[in-house]
2 protein chains.
Amino acid sequence: MLEGMTTRDPRAAGLARLAGLIADETRAVCLLALLDGRAWTAGELARHAGVAASTLSEHLSRLVAGGLLAEERQGRHRYVRLADATAAQLVEDLAARVAPGDVRRPRTLRQAGAGSAMARGRTCYDHLAGRLGIAVTDALTARGLLRQDTGFALTDAGLRWFDAAGIALDRRGRRPLARACLDWTERRPHLAGAAGAALCGHALRAGWCVRIGSGRAVRVTDTGERALSELLGIGAAVLR
Amino acid sequence: MLEGMTTRDPRAAGLARLAGLIADETRAVCLLALLDGRAWTAGELARHAGVAASTLSEHLSRLVAGGLLAEERQGRHRYVRLADATAAQLVEDLAARVAPGDVRRPRTLRQAGAGSAMARGRTCYDHLAGRLGIAVTDALTARGLLRQDTGFALTDAGLRWFDAAGIALDRRGRRPLARACLDWTERRPHLAGAAGAALCGHALRAGWCVRIGSGRAVRVTDTGERALSELLGIGAAVLR
DNA sequence: CGGATGCTTCGGCGCCCGCCGAAGCATCCG
DNA sequence: CGGATGCTTCGGCGGGCGCCGAAGCATCCG
């Protein structure tokens, strides 16, 4: 056989290998969990995924070797997190393409409860998502601070708004300031990129919102309601 | 075992299945080849990938069933193409993340020749790439028609430029007008999205550039050099 | 109509990979 | 120091999947 083979694209092997990292349901479970942007221990992920610790250990080694995860050893714990923003974006992009019909809806009450908290507000890697993320994105757009019609970019007024709000934007890196991230529960784009990260970081630091328990869901505080109302004209009702 | 399993993310199975479609080198070869945006027959792809027709037939069925490819039967031929722009973007995004060290450089003279033609100018799904794509993107940016510093979006002046050049933009669909696509050979972003597609389509229709043979490489014509110089101030030397 | 061409189906083979539990190592803590 | 905890390594098992060639079907063409 073969011989007739012409010039296989040299990227194919790497592409298949990269996709292969995500092409396992247990690893996919881990990557989606890590989308909260925080570090998990190997044991937490093993329990979360429902497999033996030994099994998960090997999965983590592959994901780290493949560059999707970064690890940090602390004593007898192995902490892993998504390697960087581009890794997070990759998982997001793939997850966003998954046909909505392919996701099974949660069944138990407890899951439904957690689900509705997540739908209200959560972090998506390092930016805000859920109705909260959408509300912020919509408000920025309505006020002419963010353009969505011709792409996805901050306007000059948007740059001034961040400056006036005292939210520092890191414009040195290669990371784009504004980027669209498709919201899983809302099925609409919300603000990601360096600006989205800065805004989320500020919101958590300033107490505009706090994490619920140990998950990625967040709740808007009274302080946060006032700030979002003053700075962006977001009504409290939208966030409930 | 198990029992301890908590709430696996319902998207995990779909995510793994989707990634699994790309996680095979032969299928990856096909997807990368199809990034030229045109339709290939099953036989062409089999020869290109260097596998038996029967093997490739099954691969195509899986890719079609998974929604990444669209097929069209004509007589005894089975034509396939990327299902839509989002499928193309998915493959691009994944390929862009492949570590540059992972791609082996071409070796033979013939491959090197094809490579340099590809590096000069080519189509990337439905927009321009290679030095040509970069030159156009840079020129649009330098003239204030495209913003890259705060995201990736056309400016109002950019909208007027397309209008004045007689290039119709389809703004009805959900597809973003401007989007960044990481150029494989240049390692820098070039213009994709509805505007990139419109520009590329116009360039081919107006004879600004023509396809070289049956591949995805394109060559800029004399007409094209004049047009690009007049409309965007692109010097001919850049395109060589 | 009959041979050539393109694709698909099928059976069979072999490899890869995900899974587990047992055993071992490192770390922490009383 | 010794037991508990967390992680890793190893052997073994089973299933899935990619590969092929042979055979069969549809289409095209002389």
Side-chain angles (χ1 to χ4, degrees), chain A residues 1-5 8 12-13 15-34 39-66 68-81, chain B residues 1-5 8 12-32 34 39-66 68-81:
Chain A
M1 186 52 254
L2 59 111
E3 282 307 322
M5 176 157 62
R8 279 203 170 200
L15 175 56
R17 198 163 28 226
L18 175 59
L21 287 178
I22 313 176
D24 172 82
E25 184 168 347
T26 297
R27 285 196 293 270
V29 164
C30 295
L31 291 169
L32 289 171
L34 289 163
W40 293 52
T41 68
E44 285 171 340
L45 285 172
R47 283 186 295 276
H48 178 70
V51 297
S54 57
T55 300
L56 203 106
S57 173
E58 286 161 0
H59 283 309
L60 291 186
S61 296
R62 292 184 65 164
L63 290 170
V64 169
L68 286 183
L69 299 189
E71 74 181 354
E72 199 176 334
R73 310 262 176 165
Q74 278 182 24
R76 56 185 168 185
H77 292 282
R78 178 194 208 176
Y79 282 94
V80 292
R81 63 172 74 247
Chain B
M1 180 56 255
L2 57 110
E3 281 308 323
M5 175 156 65
R8 280 204 170 199
L15 175 55
R17 199 164 26 229
L18 174 59
L21 287 178
I22 313 176
D24 173 82
E25 184 168 347
T26 297
R27 286 196 293 270
V29 163
C30 295
L31 291 169
L32 289 171
L34 288 162
W40 292 52
T41 68
E44 285 170 341
L45 284 173
R47 282 186 296 276
H48 178 70
V51 297
S54 57
T55 299
L56 204 106
S57 172
E58 286 162 0
H59 283 309
L60 291 186
S61 296
R62 293 184 63 165
L63 290 170
V64 170
L68 287 183
L69 299 189
E71 75 180 355
E72 200 175 333
R73 310 263 176 166
Q74 276 182 25
R76 56 184 168 183
H77 292 281
R78 177 194 207 177
Y79 283 94
V80 292
R81 62 173 73 247

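We name chains A, B, ... by the order of the sequence lines, and we start the count at 1 in each one.
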Both distances under 3.5 Å, Watson-Crick or G-U wobble: on that basis, could you give the dot-bracket string for DNA chain C, with [ ] for crossing pairs and | for other-strand partners? ||||||||||||||||||||||||||||||
Could you give the [atom1]-to-[atom2] distance, from [X] to [N], as a whole number of Å?
| X | N | atom1 | atom2 | value |
| --- | --- | --- | --- | --- |
| A/L56 | D/dT8 | CG | P | 9 Å |
| A/L60 | C/dG18 | CG | P | 13 Å |
| B/L45 | D/dG18 | CG | C1' | 17 Å |
| A/R17 | C/dC17 | CZ | P | 11 Å |
| B/R62 | D/dG18 | CZ | C1' | 9 Å |

Report the C-alpha separation of B/L60 and B/E71 in whole Å, then their side-chain angles, then the decisive distance to 0.1 Å, and conclude whether the side chain to side chain contact (heavy atoms under 4.5 Å, CB included) test is met. CA-CA 9 Å; B/L60 291 186; B/E71 75 180 355; 6.0 Å; no
At their closest point, which heavy atom of [X] faces which heavy atom of [Y], and how far apart are they?
| X | Y | value |
| --- | --- | --- |
| B/A16 | A/E25 | CB-N, 3.5 Å |
| B/A46 | B/A53 | CB-CA, 4.1 Å |
| B/C30 | B/L56 | SG-CD1, 3.7 Å |

Heavy atoms from C-beta onward define the side chain here; which of [options] lies closest to that of [X]?
| X | options | value |
| --- | --- | --- |
| B/R27 | D/dC19, D/dG18, D/dC10 | D/dG18 |
| B/T26 | D/dG18, C/dC19, D/dC19 | D/dC19 |
| B/E58 | D/dC19, C/dA22, D/dC17 | D/dC19 |

With respect to the phosphate group of D/dC17, does any side-chain polar atom (N or O) of B/H59 fall under 4.0 Å of OP1 or OP2?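 It does not, given that no N or O in the side chain of B/H59 lies less than 4.0 Å from OP1 or OP2 of D/dC17.
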Does D/dG18 have its OP1 or OP2 closer than 4.0 Å to a side-chain nitrogen or oxygen of B/T55?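 It does not, given that no N or O in the side chain of B/T55 lies less than 4.0 Å from OP1 or OP2 of D/dG18.
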Using side-chain heavy atoms (C-beta onward) and a distance below 4.5 Å, is [X] in contact with [Y]?
| X | Y | value |
| --- | --- | --- |
| A/L63 | A/V80 | no |
| B/L34 | B/L68 | no |
| B/L45 | B/V29 | no |

Hey, what do you get for CG (B/L31) to NE2 (B/H59), rounding to the nearest 0.5 Å?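 It is 11.0 Å, given to the nearest 0.5 Å.
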With rounding to the nearest 0.5 angstrom, report the CD1 to CD1 distance, A/I22 to B/I22.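 So the gap between those two atoms works out to 8.5 Å.
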Pairwise 5' ranking along DNA chain C for A/G20 and A/G75, keeping only the more 5' one: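 With A/G20 and A/G75 compared, the 5'-side residue is A/G20.
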Heavy atoms under 4.0 Å is the rule here; annotate nucleotides 2-7 of chain C 5' to 3' with B where the base is hit, S where only the sugar-phosphate is, and - elsewhere. --BBSS
